[in-house]
Engineer: 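I have a structure here, written as structure tokens, and I will follow up with some questions on it.
Atoms considered below: every heavy atom in the structure, side chains included; atoms not considered: hydrogens, waters and symmetry mates. First listed ligand is number 1; within each ligand, the first listed atom is number 1.
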Amino acid sequence: MPESRDHAVVVGASLAGLLAARVLSRHFGRVTIVERDHLPGTPDVRPGIPQGHHLHILWTRGLELIEGLFPGFEEEMRAAGAPMLRAPQDALWLTAAGWRRRFAVTRLLTFGRGLLDWTLLGRLAGDVELMTGYEVTGLVPRGRGVAGVIARERGEPGAGEPLRADFVVDASGRSARTPGWLAELGYPAPRETVVDPLLGYASRHYAIPEGFAAGWKALYLQADPPATRRTGGLFPMQGGRWMCSLSGAGRDYAPTGEEAFLDFAKNLRSPLLYEAIRDAEPLTPIVGFRHTANRRRHYDRLPAWPDGFVVMGDALCTFDPIYGQGMSVAALQAVALDGWLRGHADTRRFQRTAARVASGAWLIATGEDLRYAETEGPPIRLRTRIVNRYVSRVVGAANVDRRVCAQLLDVLALRSRPASLFLPPVLLRVMTADRSAAPLEEDLVSGAEPGPPAGGAASGH
Ligand SMILES: Cc1cc2nc3c(=O)[nH]c(=O)nc-3n(C[C@H](O)[C@H](O)[C@H](O)COP(=O)(O)OP(=O)(O)OC[C@H]3O[C@@H](n4cnc5c(N)ncnc54)[C@H](O)[C@@H]3O)c2cc1C
């Protein structure tokens, strides 16, 4: 626990950093975010968040937590054009076990990623100081702890100058150099667990055709591993656009060439996405992304940990992005940071909590990725195989049973723990679900399996 609360520094101005800065502004006299990019001042993608070119959905739990930290957030995003989808009913969703019925269950916010960061940055203006175009190169030691960061102007030679602080949050994301910074202070490298599905994205924006009225707002066509490895998502975003993200696991990377991209879309498990984009106007180049491994750094298990320093967000744990959980985990950790700063525990305790709140998402993402034969990682345990068999049944039952669907989406949205899928009432419904009631593609397309009436509230949330 920091002794003095004059100044806190956050490394990285992406989502985890922005949420941390909001929390710290409640507890410290001054907060400075050090970000190596120059921020665009518009809702555009920037080099430091290359994932911004790809589909981002915010599940309910993340939405609620961000709303709690920035009241009015949802309204502001929607006013800027971010669509709120009723899930799954606004979407045609092909799961590994077939098409899902269009139940009224929950909500999802979708957007071009730049809009999210730009909105939150706007809300922080006046509350935090921004040092953009500065790269953190190390930590300033003080006794058994950290007394700030060393930062240099990007592109300048040398290690840089110290920026003193009572507390430092490392939110430097997927490319974090934290183990090296800690090694310079004499700490051993943390153990890492990596589960790599060898999955690659390719994405592009399309103009939603004028008068488009297919009876759905989003398409989500999932792989059914190990038989198939390709997934496609077509979701609306601000500006009347579709974000189309294709992905392939097991080195079947989605391609970035014009024809190959369309060809990949054509070979998804349903032709619907291909048929939607075939004649739509592309608005951006096709952009790829392949750094999708699940990677967990076990800082919580190091024998010693410096005072005044914590790591959160993707710098601590990244997930295969296809399950859409990283932002919600960052929000859970930010709320945990707030609770921790109100208490009297040491920094190790926070690292343990941050690891714990990431564990549900980790279980889901790695469990699913281990279904691909090519996934690289630790040997698959018998327990994982048994759980995966059961989860396959849950997915099939969720396609036809509204309550199982609600429970499954609650787990994916990190509102409930994965273990809740094993509770007797859920288990009974899973075992007795009538899978023959699953809709056929032609029913969904013809409207014979309609979505609930427009404006119908998502019940239960
Ligand atoms: C393709 C893709 C799709 C995704 N889709 C979803 C989704 O649908 N739903 C979801 O919830 N999550 C999704 N995610 C995850 C989500 O993007 C991240 O979890 C989220 O951005 C939080 O990351 P972060 O803030 O910890 O780190 P990052 O977003 O990686 O940001 C790190 C920041 O730190 C800065 N930085 C790095 N090093 C330094 C340094 N030395 N000095 C100063 N600044 C530095 C970088 O410039 C950057 O701004 C997706 C991720 C990918 C890759």
Engineer: Can you tell which part of H54 has a heavy atom less than 4.0 Å from ligand 1: side chain, backbone, both or neither?
Structural biologist: side chain
Engineer: Which one holds for R46 and ligand 1: side chain close, backbone close, both close, or neither close, with close meaning a heavy atom under 4.0 Å?
Structural biologist: side chain
Engineer: Any N/O of D37 closer than 3.5 Å to an N/O of ligand 1?
Structural biologist: no
Engineer: Could you tell me whether some N/O pair between A16 and ligand 1 is separated by less than 3.5 angstrom?
Structural biologist: yes
Engineer: Would you mind telling me if ligand 1 is within reach of the side chain of I49, the backbone, both or neither, using heavy atoms under 4.0 Å?
Structural biologist: side chain
Engineer: So is R113 touching ligand 1 or not, going by heavy atoms under 4.0 Å?
Structural biologist: yes
Engineer: So between V311, D314, T110, L199, whose heavy atom ends up nearest atom 23 (O) of ligand 1?
Structural biologist: D314
Engineer: So is A330 touching ligand 1 or not, going by heavy atoms under 4.0 Å?
Structural biologist: no
Engineer: I need the contact type for A176 against ligand 1. Using non-hydrogen atoms and a strict under-4.0 Å cut-off, is it side chain, backbone, both or neither?
Structural biologist: neither
Engineer: Looking at ligand 1, would Y134 count as a contact under a 4.0 Å heavy-atom criterion?
Structural biologist: yes
Engineer: Examine R100 relative to W93 and say whether NZ or CZ is less than 6.0 Å from the centre of the six-membered ring and inside a 45° cone about the ring axis.
Structural biologist: yes
Engineer: Under 4.0 Å from ligand 1, counting heavy atoms only, is it the side chain of R177, its backbone, both or neither?
Structural biologist: neither
